[in-house]
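Have a look at the structure that comes next, please.
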Amino acid sequence: MTTPHALAGHWAAETVQWITVPAGICRFGDKGRPIKVRALQWTRTPLTRAQLGAGSCQLPATGLTYDEAAAIARALGGRLPRSVEWEWAAAGPETRRYPWGDTEPDTSRANLLGGPGAPTPVGAYLAGATPDGLLDMAGNTWEWTSSSVLGDGYVVRGASYASPALYARCTFLNAAPGELASAGIGFRVVREA
């Protein structure tokens with residue numbers, strides 16, 4: 001989906017909901033390495049096609065390369081989150097296994113493998129919310145982060161509709177080439193709190 005970045009920023013600015021996630025120490029990754037994370041405002045859900053001016057569709061905005069997603073985030077006065085920031089927002093100080101807690105995923109919490117088999121409207125899985133109120137941090141679509149990997153790629157977090165439950169864990173990360181415009185990768189925006 002190609003959208004002029006200035007137009008996308010205009011549409012999204014009118015409709016996006018921001019949630020503040022407090023600062024803290026993220027126990028990052030499976031080894032729990034402590035990393036300080038600043039307080040940030042997060043878009044409550046991944047951005048939608050409607051928020052980018054593409055009709056009224058509440059499906060996640062996908063099919064965007066890393067550079068396109070980053071440009072839209074800048075047009076909104078923000079940026080893509082770093083991988084550690086994403087994990088902090090998903091896992092919190094309790095180091096939850098999944099964004100909602102330690103209970104295994106089910107169809108009330110996340111759109112994963114065995115579910116609808118395609119992206120669903122954002123915010124459809126209220127039982128999967130973080131305690132701060134972020135939705136769709138697990139399943140539906142992977143999310144671009146600004147953390148780079150070797151070979152011009154970037155870390156993606158959160159799993160997609162085609163992912164097994166393991167991939168929905170807060171510590172799980174994957175990577176994708178920056179030029180990939182995938183139907184399975186969306187994004188959310190952060191800005192200073």
Side-chain angles (χ1 to χ4, degrees), residues 8-28 35-53 56-62 64 69-103 105 108-112 119-147 155-161 168-173 185-193:
H10 167 75
W11 282 97
E14 300 293 321
T15 60
V16 73
Q17 294 179 14
W18 295 94
I19 302 283
T20 299
V21 174
I25 304 295
C26 179
R27 302 289 176 200
F28 186 62
I35 300 174
K36 186 175 181 177
V37 177
R38 295 186 307 225
L40 293 169
Q41 288 189 321
W42 290 72
T43 54
R44 185 172 190 229
T45 64
L47 291 186
T48 67
R49 294 176 184 178
Q51 288 170 321
L52 300 187
S56 61
C57 182
Q58 293 303 311
L59 291 175
T62 60
L64 296 163
I72 292 167
R74 285 190 301 275
L76 277 171
R79 59 179 173 80
L80 298 176
R82 295 181 311 144
S83 183
V84 67
E85 293 165 341
W86 191 100
E87 188 170 318
W88 171 249
E94 306 87 1
T95 60
R96 297 178 294 272
R97 180 176 290 171
Y98 300 100
W100 55 84
D102 292 335
T103 305
S108 73
R109 290 184 167 85
N111 177 9
L112 295 164
T120 53
V122 300
Y125 298 88
L126 298 177
T130 69
D132 293 313
L134 298 176
L135 297 169
D136 296 345
M137 293 291 282
N140 218 15
T141 62
W142 291 99
E143 297 178 15
W144 286 115
T145 74
S146 64
S147 297
V155 172
V156 293
R157 302 296 298 256
S160 80
Y161 61 87
R169 290 186 179 187
C170 296
T171 57
F172 193 89
L173 54 86
I185 303 175
F187 70 105
R188 66 179 75 222
V189 179
V190 297
R191 66 184 184 188
E192 298 304 313

Electrostatic pair R79:E85 at N-O distance under 4.0 angstrom: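 Here R79 pairs with E85 in a salt bridge, since their nearest N and O are under 4.0 Å apart.
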Flag, side chain of D102 to backbone of R97, donor-acceptor distance under 3.5 Å: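 Yes, the answer is positive, given that a donor and an acceptor are paired below the 3.5 Å cut-off.
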Heavy-atom donor-acceptor pair, S147 side chain to S83 backbone, under 3.5 Å: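 Yes, S147 side chain to S83 backbone: donor-acceptor pair under 3.5 Å.
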Validation row: Y98, R109 side chains within 4.5 angstrom (heavy atoms):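 A side-chain contact is absent here, since even the closest heavy-atom pair is not under 4.5 Å.
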Any donor-acceptor N or O pair under 3.5 Å, side chains S160, N140: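 Side-chain D/A pair, S160 to N140: absent.
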Closest heavy-atom pair and its distance - P121, L59: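 Smallest interatomic distance, heavy atoms only, reads N-CD2, 3.5 Å.
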Which atom of P99 lies closest to which atom of M137, heavy atoms considered: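 The answer is CG-CB, 3.7 Å.
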C170 backbone acceptor or donor facing R157 side chain under 3.5 Å: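 Here the side-chain-to-backbone pair exists.
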Derivation and outcome, side chain to side chain contact (heavy atoms under 4.5 Å, CB included), residues I72 and F187: CA-CA 10 Å; I72 292 167; F187 70 105; 3.8 Å; yes
Residue pair W86 / L173, side-chain heavy-atom distance below 4.5 Å: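 A side-chain contact is absent here, since even the closest heavy-atom pair is not under 4.5 Å.
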Non-hydrogen side-chain atoms of L134 and V21 separated by less than 4.5 Å: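 Heavy-atom side-chain distance check passes, below 4.5 Å.
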L80 versus W144, closest heavy-atom pair with distance: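 Result for this residue pair: CD1-CB, 4.0 Å.
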E87 side, atom CD; I35 side, atom CD1 - distance, nearest 0.5 Å: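 Spacing of CD (E87) from CD1 (I35) equals 8.5 Å.
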W18 side chain vs A193 backbone, donor-acceptor pair below 3.5 Å: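 No: the side chain of W18 does not pair with the backbone of A193.
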Value rounded to 0.5 Å, distance of OG1 in T62 from CD1 in I185: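 T62 atom OG1 to I185 atom CD1 measures 9.5 Å (nearest 0.5 Å).
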Min side-chain heavy-atom separation P131-R96 under 4.5 Å: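 Yes, close enough: below the 4.5 Å cut-off.
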Shortest non-hydrogen separation from P105 to L112 and the atoms involved: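 Here P105 and L112 meet closest at CB-CD1, 3.7 Å.
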Check: W100 and T130 side chains under 4.5 Å, non-hydrogen atoms: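 No, side chains not in contact.
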Shortest non-hydrogen contact between P46 and V122, atoms and distance: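 Answer, listing the atom of P46 first, then V122: O-CG1, 3.8 Å.
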Note, Q51 side chain near V16 side chain (heavy atom, < 4.5 Å):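 Of all side-chain heavy-atom pairs linking V16 with Q51, at least one is under 4.5 Å.
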Euclidean distance, Q58 CD relative to T48 OG1, rounded to 0.5 Å: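 So the gap between those two atoms works out to 4.5 Å.
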Test item: side-chain donor near acceptor, T45 and R188, under 3.5 Å: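 There is no such pair between these side chains.
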Residue pair V189 / G78: nearest heavy atoms and the distance that separates them: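 Scanning both residues completely, I find the closest heavy atoms to be CG1-CA, 4.0 Å.
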Y161 and T120, any side-chain heavy atoms less than 4.5 Å apart: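 Side chain of T120 against side chain of Y161, heavy atoms only: no contact under 4.5 Å found.
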Pairwise distance CH2(W42) to CH2(W88) - rounded to 0.5 angstrom: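 Rounded to the nearest 0.5 Å, the CH2-CH2 separation comes out at 11.5 Å.
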Heavy-atom side-chain proximity of V155 to S146 below 4.5 angstrom: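 A side-chain contact under 4.5 Å is absent here.
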Atom CZ of R38 with >12 non-hydrogen neighbours under 6.0 angstrom: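 No, the 6.0 Å shell around CZ holds no more than 12 heavy atoms from other groups.
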N111 side chain to G139 backbone, donor-acceptor under 3.5 Å: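 A pair under 3.5 Å: no.
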Test side chain to side chain contact (heavy atoms under 4.5 Å, CB included) applied to T20 and L40, step by step: CA-CA 6 Å; T20 299; L40 293 169; over 6 Å; no
Rounded distance [0.5 Å steps], CD1 in I19 versus CD in Q17: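 Here the rounded value is 6.5 Å.
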